[in-house]
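To start, the structure itself, in structure tokens.
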Amino acid sequence: MNIPLVGLKAQYLQIKSEIDSAVAGIIDRTEFVGGEQLRLFEEEFASYCEAAACVGVGNGTDAIFLALKALGIGPNDEVITAVNTFIATSEGITAAGATPVFVDVKEDTMLMDPGKLEASITPRTKAIIPVHLYGQPCEMEQIMEIAQAHKLKVVEDAAQAHGARWNGRRVGSIGDVACFSFYPGKNLGAYGDGGGVVSNDADLIARLRKFANHGSLTKYEHEIEGVNSRLDSLQAAILRVKLRHLEQWNEQRRSHASAYLEGLSSTDLIPVTVHENAETVWHLFVIRTLERQAFQKRLADQGINTGIHYPLPLHLQPAYAHLGLSEGSFPIAERITREIVSLPMYPELSVTELDYVLENVKQAGVKTATVA
Ligand SMILES: Cc1ncc(COP(=O)(O)O)c(C=O)c1O
């Protein structure tokens, strides 16, 4: 057997006729940028997120940059985010001209630790970006309370969490603004790059829409200089088709996760803990082991692909050497990062494949990390 970490082909085959006709429709109308399919997708995705509005943008990294720009955040400002996120989060902060400030995560959920936020707030702090990593929502009440107490904006990085809920509320509708990625492997993935910004704040949405479209809402009228970062119509049409299936796909991910959790309960491997208030959408299924290399190799020998999300916390990446943060600055993220492994997770994983993965994971029989 050969089991990828994320497989996209089976899903395309399942919805081929819907996708092919959506793509043909766009080509037939030659409406490649903007237009009805984009407008409808924006409406439908906002409604799915239980939020007022959405702007389709070029990708999830731009979504973060554009959200911060629309909030008026820039040079001399600081933005706090989790140190174990994908670099796109902090790239978005830097692109807006602000400085990323990292915060450590919780050992069990591996998400931003709200208890560590206040110590990172300075007079220059303007926003917090909680990252709903692996599909799990962050502890949003506490984060929102701290933000309100310090008059900070909250930008949700929901790139990995389309459809997740915190205390019954959809991610994307809780903070001031939320950013999504539609990168192909995401829970809602396009057939190329794509991103979206969701918010209940109509003024913010209008500012962002203008800035992302050359500073223009009416053709050749430019009140300001902006950038070109738009979700193209082909991607919007594809995403409209896929959005109709998202709930079912997230449900399939949940079912795979339950099977993994049950199978793993007889082993020493430690899965990520899901907070009792969280409804996760299992973008990734992550476990911890002290012998990662051997574990990954044994699985690879059996045709099972695994991943590491992510191999180095951001403060130790060469790109952030200038921040002067040494090893030991974020002990929990540093330890977790050495031990995490992502197992294959995508809706179309079959029962046979899942059983094969579990059997081999158990046989890998390695000693694993104990949670401190
Ligand atoms: C947590 C997180 N934030 C932001 C992004 C950026 O998204 P994109 O790849 O669409 O730029 C990604 C995905 O790649 C991500 O995983």
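Start at 1 and go down the list; that is how both ligands and their atoms are numbered. Heads up: numbering here begins at 1 and tracks the sequence.
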Below a 4.0 angstrom heavy-atom separation, can you tell me which part of F180, side chain or backbone, both or neither, approaches ligand 1?
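It is neither; nothing of F180 touches ligand 1.
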
Should the proximity of T85 to ligand 1, defined as any heavy atom under 4.0 Å, be assigned to the side chain, the backbone, both, or neither?
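It is the side chain that touches ligand 1; the backbone stays farther off.
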
Is the distance between the ring centroids of [X] and [Y] under 6.0 Å?
| X | Y | answer |
| --- | --- | --- |
| F41 | Y48 | no |
| F330 | H315 | yes |
| Y134 | H309 | no |

Is there a polar contact between ligand 1 and D193, counting only N or O atoms under 3.5 Å apart?
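No: no nitrogen or oxygen of D193 is under 3.5 Å from one in ligand 1.
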
What I want to find out is whether [X] reaches [Y] closely enough, with some N-O distance under 4.0 Å, to be called a salt bridge.
| X | Y | answer |
| --- | --- | --- |
| K106 | E139 | yes |
| R170 | E279 | no |
| D203 | R207 | no |

Cluster question for you: counting only ILVMFWY and a side-chain heavy-atom cut-off of under 4.5 Å, with indirect links fine, are Y356 and I287 together?
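In one cluster with Y356: I287, yes.
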
Please report which non-hydrogen protein atom sits nearest to [atom], along with the residue it belongs to and the distance in Å to one decimal place.
| atom | value |
| --- | --- |
| atom 16 (O) of ligand 1 | Q160 NE2, 2.8 Å |
| atom 5 (C) of ligand 1 | A88 CB, 3.5 Å |
| atom 3 (N) of ligand 1 | D157 OD2, 2.7 Å |
| atom 13 (C) of ligand 1 | K186 NZ, 2.7 Å |
| atom 15 (C) of ligand 1 | A159 CB, 3.5 Å |
| atom 11 (O) of ligand 1 | T61 OG1, 2.5 Å |

Heavy-atom contact check, 4.0 Å cutoff: does V131 meet ligand 1?
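A heavy atom of V131 does come that close to ligand 1.
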
Check if H132 has a non-hydrogen atom at a distance under 4.0 Å from any atom of ligand 1.
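No; H132 lies far enough from ligand 1 that no heavy-atom distance drops under 4.0 Å.
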
Interfacing atoms of ligand 1 (cut-off 4.0 Å, heavy-atom, [X]):
| X | answer |
| --- | --- |
| G60 | 6 (C), 7 (O), 8 (P), 10 (O), 11 (O) |
| Y310 | 16 (O) |
| N59 | 10 (O), 11 (O) |
| T89 | 3 (N) |

Residues N187 and N250: side-chain donor-acceptor under 3.5 angstrom:
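Checked: N187/N250 side chains pair up, N/O donor to acceptor below 3.5 Å.
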
Any non-hydrogen side-chain atom of H150 less than 4.5 Å from a side-chain atom of E118?
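Yes. Closest side-chain heavy atoms under 4.5 Å.
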
For the residue pair Y320 and H322, does the interplanar ring angle fall in the parallel (under 30°), tilted (30 to 60°) or perpendicular (over 60°) class?
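Taking H322 first and then Y320, their aromatic rings sit tilted (interplane angle of 30° to 60°).
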
Heavy atom to atom 7 (O) of ligand 1, shortest distance: which of S181, C179, G189 holds it?
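The residue whose heavy atom sits nearest atom 7 (O) of ligand 1 is S181.
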
